[in-house]
*Asks:* 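Structure below; questions to follow.
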Amino acid sequence: MAMRPDDHRRKWDREEYEKLAAERLKAEEEEDDESGKKGPPIKRELLKQREYKVDLDSKLGKSVVINKNTPTSQSGGYYCNVCDCVVKDSINFLDHINGKKHQRNLGMSMRIERSSLDQVKQRFQQNKKKMEEKKKEYDMSQRMQELAEEEERMKEYRREKRHEKKRKLEEMLDDQSDQKNELSAIMGFSGFGSSKK
């Protein structure tokens, strides 16, 4: 930096700073050479489907007392033993488990295996078999027979309901007539002089 006495602004010596920058770059390159060239990239497994169920419900609704001596695995939240970290809620825990850092610690890359045409066809066949197993195959005669049986049960149920109603109605009428007879016996007369009942 050079300053003239009559000028109050700073003036930068470009050549000097370009030389300093070149020296710094050279020093960084030498450090990289000394530390060794980067080896071949680490070969990681392709991404696989989880073979275990993620436990999100075990701590749901439970209270835990946490003090200074409580280990991180037992503190509040969800603990990842692979990455040795605690995540506070279930959504972030799932994001962490499915994330790049966690998968790298498990030794997997984020790439998935490309499926071949044969594998896709085989998967379609498996799904088709499952759907066929779920469907219940009916013969027309068997289906008609089941419908007839169902209808017969409904008729029987309605018939029982009607008989039940009639019995209740008759019992009520009997009770009422008994009450009338008792009332007239108490009052001391058996009728009003008519021959009809």
Side-chain angles (χ1 to χ4, degrees), residues 24-162 164:
R24 190 181 71 236
L25 285 173
K26 196 173 187 181
E28 285 177 2
E29 286 175 4
E30 287 174 5
E31 280 180 27
D32 288 344
D33 290 343
E34 288 173 13
S35 65
K37 292 184 178 177
K38 290 183 179 177
I42 300 169
K43 183 71 176 166
R44 297 184 186 276
E45 272 185 69
L46 294 173
L47 200 59
K48 291 186 295 190
Q49 187 175 3
R50 256 193 299 276
E51 288 155 5
Y52 60 92
K53 188 177 183 292
V54 179
D55 183 28
L56 298 174
D57 299 334
S58 64
K59 293 184 178 181
L60 194 64
K62 293 186 180 174
S63 301
V64 180
V65 176
I66 301 170
N67 55 24
K68 293 177 188 174
N69 302 330
T70 306
T72 55
S73 62
Q74 295 172 359
S75 66
Y78 296 91
Y79 177 71
C80 175
N81 53 2
V82 176
C83 304
D84 190 36
C85 65
V86 176
V87 185
K88 293 298 178 192
D89 60 2
S90 60
I91 295 170
N92 287 333
F93 183 64
L94 285 174
D95 286 345
H96 168 75
I97 282 179
N98 296 328
K100 195 180 223 177
K101 181 183 171 190
H102 183 82
Q103 297 300 334
R104 283 236 171 113
N105 288 343
L106 285 174
M108 286 191 267
S109 68
M110 293 302 284
R111 294 198 176 101
I112 56 172
E113 182 184 356
R114 279 188 72 89
S115 299
S116 66
L117 181 63
D118 293 332
Q119 288 173 325
V120 173
K121 285 181 180 177
Q122 188 177 9
R123 178 64 70 163
F124 275 128
Q125 288 296 329
Q126 286 177 352
N127 290 343
K128 196 173 183 181
K129 283 180 185 175
K130 282 183 186 175
M131 291 297 286
E132 287 174 2
E133 287 172 6
K134 284 182 183 178
K135 248 186 223 175
K136 198 174 179 185
E137 301 262 343
Y138 283 115
D139 291 347
M140 192 60 170
S141 59
Q142 183 183 358
R143 185 75 178 138
M144 291 300 288
Q145 187 178 1
E146 286 179 6
L147 284 171
E149 288 173 5
E150 182 70 28
E151 200 172 310
E152 189 63 36
R153 281 197 294 268
M154 286 302 289
K155 281 182 183 177
E156 187 65 34
Y157 177 74
R158 287 187 197 122
R159 205 175 297 133
E160 282 292 323
K161 278 286 201 185
R162 265 187 264 136
E164 185 76 25

*Asks:* Enter the distance from Arg24:CZ to Lys26:NZ here, rounded to the nearest 0.5 Å.
*Replies:* 15.0 Å
*Asks:* Does atom CZ of Arg50 have more than 12 heavy-atom neighbours from other groups under 6.0 Å away?
*Replies:*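 More than 12 heavy atoms, drawn from other residues, nucleotides or ligands, come within 6.0 Å of this atom.
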*Asks:* Can you measure from CG (Asn127) to NZ (Lys130) and round to the nearest 0.5 angstrom?
*Replies:*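 Those atoms lie 6.0 Å apart.
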*Asks:* Are Leu56 and Tyr78 close enough that some pair of their side-chain heavy atoms sits under 4.5 Å apart?
*Replies:*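 Yes, at least one pair of side-chain atoms sits under 4.5 Å.
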*Asks:* Might you point out which heavy atoms bring Met108 and Leu46 nearest each other, and give the distance in Å?
*Replies:*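 In terms of heavy atoms, the two residues are closest at SD-O, 3.7 Å.
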*Asks:* So Glu156 and Arg159, salt bridge (Lys or Arg N to Asp or Glu O under 4.0 Å) or not? Walk me through it.
*Replies:* CA-CA 5 Å; Glu156 187 65 34; Arg159 205 175 297 133; 2.8 Å; yes
*Asks:* Once you round to the nearest 0.5 Å, how far does NZ of Lys48 lie from CD of Glu113?
*Replies:*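 Nearest 0.5 Å value for the NZ-CD distance: 11.0 Å.
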*Asks:* Rounded to the nearest 0.5 Å, how far apart are CD of Glu31 and CD of Glu28?
*Replies:*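 Going from CD on Glu31 over to CD on Glu28, the span is 7.0 Å.
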*Asks:* Which atom pair, heavy atoms only, marks the closest approach of Arg114 to Gln119?
*Replies:*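 Between these two residues, the closest heavy atoms are O-OE1, 4.1 Å.
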*Asks:* Can you name the nearest heavy-atom pair linking Arg44 to Ser109, along with the distance?
*Replies:* CB-N, 3.7 Å
*Asks:* Hey, does the side chain of Gln103 reach the backbone of Ile97 with a donor-acceptor pair shorter than 3.5 angstrom?
*Replies:* yes
*Asks:* Using side chain to side chain contact (heavy atoms under 4.5 Å, CB included), reason through Lys101 and Arg104 one step at a time and then give a plain yes or no.
*Replies:* CA-CA 5 Å; Lys101 181 183 171 190; Arg104 283 236 171 113; 5.8 Å; no
*Asks:* Quick one: pull up CG in Asn98 and NE2 in His102 and give me the separation to the nearest 0.5 Å.
*Replies:*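 Reported to 0.5 Å precision, the distance equals 8.5 Å.
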*Asks:* Counting neighbours of CG on Leu106 that are heavy atoms of other residues, nucleotides or ligands and sit closer than 6.0 Å, is the number greater than 12?
*Replies:*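 Check passes, neighbour count above 12.
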*Asks:* On a heavy-atom basis, which atom in Thr70 and which in Ser75 lie closest, and how many Å separate them?
*Replies:*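 That closest heavy-atom pairing would be CG2-N, 4.1 Å.
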*Asks:* Output the distance between atom CD (Glu152) and atom NZ (Lys155), rounded to the nearest 0.5 Å.
*Replies:* 6.0 Å
*Asks:* For residues 81-93, dump all side-chain donor-acceptor pairs below 3.5 Å to protein atoms at least two apart in sequence or in another chain.
*Replies:*
residue : atom : partner : partner atom : Å
Asp84   : OD1  : Tyr79   : OH           : 2.5
Asp89   : OD1  : Asn92   : N            : 3.2
Asp89   : OD1  : Asn92   : ND2          : 2.9

*Asks:* Answer yes or no: is there an ion pair linking Lys161 with Glu164, defined by an N-O contact shorter than 4.0 Å?
*Replies:*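 Not counted as a salt bridge, because no side-chain N and carboxylate O are separated by less than 4.0 Å.
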*Asks:* Under the 3.5 angstrom rule, does the side chain of Gln74 hit a backbone N or O of Pro71 as a donor-acceptor pair?
*Replies:*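 No; judged by distance alone, with no hydrogens or angles, the pair does not exist.
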